[in-house]
Amino acid sequence: MENIQVTLPDGSVKSVTAGSTPLDVAKGIGQRLADDCIVARVDGNLWDLNRAFDGDAKLELLTTKNPDALEVYRHSTAHLLAAAVLELFPGTKLGIGPPIETGFYYDFDPAEPFVPDDLEKIEKKMWEIQARDLPYERQYMEKEKGLVMYKDQPMKCELITEKADAVFSEYTLGPHFIDFCRGPHVPSTKKIKAFKLLSIAGAYWKGNDKNAQLQRIYGTAFFSKKDLDEHLLKLEEAKKRDHRKLGQELDLFSIQELAGPGLIFFHPKGGIVRKQIEDWMRDQYLKRGYSLVYTPHVMRADLWKTSGHLSHYAENMFAGMELDDAEYRLKPMNCPGHILIYRDKLRSYRELPVRLGELGTVYRYERSGTMHGLLRVRGFTQDDAHIFCTPEQIESEVVSCLEFAFDTLRAFGFEKFEAEVSTWDGGVSGKYDGTADLWELAEGALTRATKRLGINAPVIPDEAAFYGPKIDVKLLDALGRKWQLSTVQFDFTLPRRFGLEYVAEDGKKHQPVMVHRALYGSIERFFGILVEHYTGAFPVWLAPVQVAVLPITDRQQDYARTVHQKLIDAGFRSEFDDRKEKVNLKIRDAQMQKVPYMLVIGDREAEAGTVAVRHRKHADLGVKPVDEFIAMLREQVQSKSTAD
RNA sequence: GCCGUUGUAGCUCAGCUGGUAGAGCGCGUCCUUGGUAAGGACGAGGUCACCGGUUCAAUCCCGGUCAACGGCUCCA
């Protein structure tokens, strides 16, 4: 037998006998490495550790430090899940079971739907199989034979028919489990050390809502118990931060069954926070050359015909209202309203760009089952603005929109962002509106703008709206979760549909370019994200109650009241707790409401004209004269400090 | 819209194979005037989501509706 040459990443070459596997090479280097290895990369392809080399090869051994290895590991855990399900529920039909960003899932079609208790049973069975130390073995099957072999697994047959080569690979796990699969996998179940099944959900076969629905089991897996526990802790933490839970605990907002799903009631405390959010944006509009407009919530259906919404978007609109003169529709978007204002008079190039901004409440008929707290609703308010400009102005407008967006997100305490540019498909499919030179112009402006600002923004082809390219900004919150918020979108369609014009230098009429942009996106959604980002402990400038004044006994009531009044007069949001309760309880309540400052007032303070300051996080800050406290508070509010 | 789960006081939940309900917190009254995260006593709150069926009898079983939750699909 001839030897084969295996080149390692450091350039060294190992000579091994033909038929050797990556695991053999790893063992040759050291048992520790062999133990740590999950999978190999051979000539750039992921490869089972126990799969023999075809010939000379470049080899990389992937250990638990490699993200690709984690994917393989999770994929193997998904197979383990499927094997457990088949042992417990023979006859269950298998769908697919891939790794995902946070773990893995496997889709099943069981005779009886799984119930939550089954998760525990299945997980137990998985550990049982894991303990058997079963190998994942790669085998090969001819397509024709395979279709017969898998005749009891209709979904697998479908996949084999569609995807398999004439000879395809499959993986066994022990004597009873076999799955059509490209692999690779870990060598044996003993490699799998930490996993947990998380939930059961419904999912359409092949992601198509025309197909039958399967039972999907989600789980997660990590190389170590420690990593798994950390991840589970993070999930717990996210649950505690859930804006729906905090919204109720802090009395910020509610959704009323009598009123309907997806419609938000802002309570007094949520209302104050929302006012801060809105005021900030309106002030910025005026500072940055936007005008503030208001447009009606219901408008004639004819308007929505002109805009094209009734032909493209009708299923997302609330049904029409037949009035005496015509049919009316609730607005799902603000654009047509702004367009009517633009179009109300003849515009000169001298007044461009025209930037019309509104905090516009729109209603969209989201399908039942899609609503989610404040994040997906049927009525929401966009910080919406439309910029009408000349083609030459596009780039600088995009730059200032992006600057505006980043300033906005930073103001609310977000530090990390990502941006991406969505472009068309070059016109091949015909599903995009507008001419090639317009797309080129706009896409060029977007990418140049990101470069000018030094933003790394990947370009994603064929992801644009049909009416123009766009750039989306995502933020990363305190838990590192991504949220898509700000968007800047070109629109080649509406200016044409509404026949928008401006008179240029040449005295002729030209069509302006239109840009849609929203920075919060939806105020409701932004509010929800803020609640989660801060776990409800809003920075002082946003906090619904900034100060709680807490007299210890009735003797200090009068003095405490003057302190409270002084705060109110100075423009702060102070709450006076004059209940006949112990100060411990008052502190506890203020603490649980996440009030930033508590002023404890006893005889000593009343005597000296001071307050004992307690901070929600840093606890006792000591005694200060009232004016000194007010000055400190003023500084924090004015600077909109987000430090706690 | 689809699959699955859930729906009991303002909130969080308990309620054993059907006999019209209970706790803690909160709320009210009273006592306690107490220095940095829960003082005590008493009391008032519920058509057990809604509609229908089975039954002598339904919070409990069955069917439907609505809503919430976990997801899927969708989000020009």
Side-chain angles (χ1 to χ4, degrees), chain A residues 95 105 107-110 112-119 198-218 239 242 244-245 248-249 251 254-262 307-317 332-333 335 364-373 375-378 431-433 464-468 470 484 489 491 493-494 516 521-522 525 548 550-557 579-593 598-605 612-616 618-623:
Chain A
Y105 66 78
D107 285 344
F108 302 99
D109 184 11
E112 291 292 321
F114 299 127
V115 298
D117 284 346
D118 291 338
L119 279 188
L198 297 173
S199 61
I200 303 171
Y204 295 108
W205 169 233
K206 291 195 210 156
N208 185 333
D209 64 357
K210 302 281 180 293
N211 290 338
Q213 238 179 359
L214 308 173
Q215 301 283 119
R216 175 172 296 178
I217 295 182
Y218 281 97
K239 241 187 211 166
D242 192 312
R244 294 167 298 186
K245 181 172 144 69
Q248 185 183 72
E249 286 170 5
D251 200 11
S254 64
I255 296 166
Q256 302 286 332
E257 194 170 335
L258 186 57
S307 70
H309 287 97
L310 274 180
S311 50
H312 284 281
Y313 200 68
E315 69 280 12
N316 276 299
M317 292 174 71
M333 295 190 189
C335 342
R364 297 184 185 175
Y365 186 75
E366 299 290 351
R367 292 162 79 184
S368 69
T370 58
M371 263 72 73
H372 183 95
L375 303 182
R376 181 115 178 234
V377 295
R378 282 185 175 158
K431 66 183 172 181
Y432 292 100
D433 208 16
F466 84 83
Y467 49 75
K470 63 177 180 174
Q484 205 259 296
Q489 312 188 346
D491 194 328
T493 303
L494 286 175
H516 305 258
S522 136
R525 182 177 144 86
L550 314 177
I552 293 173
T553 75
D554 288 347
R555 282 196 304 284
Q556 302 92 29
Q557 287 271 1
R579 290 177 302 169
K580 293 185 199 317
E581 294 290 353
K582 295 213 162 105
V583 74
N584 282 358
L585 182 81
K586 295 184 184 184
I587 287 171
R588 179 166 200 269
D589 287 348
Q591 217 33 80
M592 296 213 300
Q593 285 298 301
M598 287 151 265
L599 303 182
V600 177
I601 295 176
D603 286 334
R604 296 199 293 270
E605 288 75 21
V613 183
R614 180 190 164 96
H615 183 266
R616 65 182 167 201
H618 306 296
D620 198 343
L621 298 186
V623 175

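Numbers restart at 1 for each chain; the letters A, B, ... are given by sequence-line order, proteins then strands.
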A.B. asks: How is Glu315(A) classified with respect to the nucleic acid when contacts are heavy atoms under 4.0 Å: base, sugar-phosphate, or nothing?
C.D. replies: nothing
A.B. asks: Whom does U6(B) pair with, Watson-Crick or G-U wobble, provided both distances fall under 3.5 Å?
C.D. replies: A67(B)
A.B. asks: Tell me the interatomic distance from Met371(A), atom CE, to C66(B), atom P, rounded to whole angstroms.
C.D. replies: 12 Å
A.B. asks: For Asp589(A), check salt bridge (Lys or Arg N to Asp or Glu O under 4.0 Å) against everything at least two apart and list the hits.
C.D. replies: Arg579(A)
A.B. asks: Identify the nucleotide, in any strand shown, that forms a Watson-Crick or G-U wobble pair with G22(B), with both distances under 3.5 Å; if there is none, say none.
C.D. replies: C13(B)
A.B. asks: With heavy atoms under 4.0 Å as the rule, sort Ala212(A) into base, sugar-phosphate or nothing.
C.D. replies: nothing
A.B. asks: Calculate the interatomic distance between Leu198(A) atom CG and U5(B) atom P; express it in whole Å.
C.D. replies: 19 Å
A.B. asks: Please identify each residue that fulfils ring pair (Phe, Tyr, Trp, His ring centres under 6.0 Å) with His312(A), with sequence neighbours left out.
C.D. replies: Phe466(A)
A.B. asks: Glu257(A): what forms a salt bridge (Lys or Arg N to Asp or Glu O under 4.0 Å) with it, not counting sequence neighbours?
C.D. replies: none
A.B. asks: Using the glycosidic torsion, which applies to G45(B): syn (within 90° of 0) or anti (everything else)?
C.D. replies: syn
A.B. asks: Check the distance between A37(B)'s P and His618(A)'s NE2 and give it to me in whole angstrom.
C.D. replies: 16 Å
A.B. asks: Figure out the CZ/P separation between Phe108(A) and G4(B), and round it to whole Å.
C.D. replies: 17 Å
A.B. asks: Mind checking side-chain contact (heavy atoms from CB on, under 4.5 Å) for Leu119(A) and listing every partner two or more places apart, or none if nothing turns up?
C.D. replies: Leu197(A), Ile200(A), Ile217(A)
A.B. asks: Across all strands, who's sitting opposite G46(B) as a Watson-Crick or G-U wobble pair, both distances under 3.5 Å?
C.D. replies: none
A.B. asks: Go along nucleotides 70-76 of chain B 5' to 3' and tag each nucleotide: B for a protein heavy atom under 4.0 Å from its base, S when only backbone or sugar atoms are that close, - otherwise.
C.D. replies: BBBBBBB
A.B. asks: Pairs under 3.5 angstrom, nitrogen or oxygen only, protein versus nucleotides 40-50 of chain B, please.
C.D. replies:
none

A.B. asks: Look at the side chain of Glu605(A) against the base of G35(B) and say whether a donor-acceptor pair falls under 3.5 Å; ignore hydrogens and angles.
C.D. replies: yes
A.B. asks: Output all residues satisfying side-chain contact (heavy atoms from CB on, under 4.5 Å) with Pro332(A), sequence neighbours left out; order by chain, then residue number.
C.D. replies: Trp304(A), Tyr313(A), Met317(A), Arg364(A)
A.B. asks: Nearest whole Å is fine: how far is G35(B) P from Arg604(A) CZ?
C.D. replies: 9 Å
A.B. asks: If the condition is ring pair (Phe, Tyr, Trp, His ring centres under 6.0 Å), which residues does Phe114(A) pass it with, not counting sequence neighbours?
C.D. replies: Phe89(A), Phe108(A)
A.B. asks: Pick out the pairs of N or O atoms, protein on one side and nucleotides 32-34 of chain B on the other, that lie under 3.5 Å.
C.D. replies:
unit_1, atom_1, unit_2, atom_2, d
U33(B), O2', Arg555(A), NH1, 3.4
U33(B), O2, Asp554(A), N, 2.9
U33(B), N3, Asp554(A), OD2, 2.9
U33(B), O4, Asp554(A), OD2, 2.5
G34(B), N7, Ile552(A), O, 2.6
G34(B), O6, Ile552(A), O, 3.1

A.B. asks: Tell me, please, which residues at least two apart from Ala212(A) pass side-chain contact (heavy atoms from CB on, under 4.5 Å).
C.D. replies: none
A.B. asks: Under 3.5 Å between N/O atoms: give me all the protein pairs with nucleotides 10-17 of chain B, atom names plus distance.
C.D. replies:
unit_1, atom_1, unit_2, atom_2, d
C11(B), O3', Gln248(A), OE1, 3.1

A.B. asks: For Pro551(A), is there any backbone N or O sitting under 3.5 Å from a side-chain donor or acceptor partner on Lys586(A)?
C.D. replies: yes
A.B. asks: Rounded to the nearest Å, what distance is computed from the CG atom of residue Leu585(A) to the C1' atom of nucleotide A38(B)?
C.D. replies: 6 Å
A.B. asks: Once you apply the 3.5 Å cut-off to both distances, tell me the Watson-Crick or G-U wobble partner of A38(B), or none.
C.D. replies: none
A.B. asks: Identify the nucleotide, in any strand shown, that forms a Watson-Crick or G-U wobble pair with C61(B), with both distances under 3.5 Å; if there is none, say none.
C.D. replies: G53(B)
A.B. asks: Mind checking side-chain contact (heavy atoms from CB on, under 4.5 Å) for Arg555(A) and listing every partner two or more places apart, or none if nothing turns up?
C.D. replies: Thr553(A), Asp603(A)
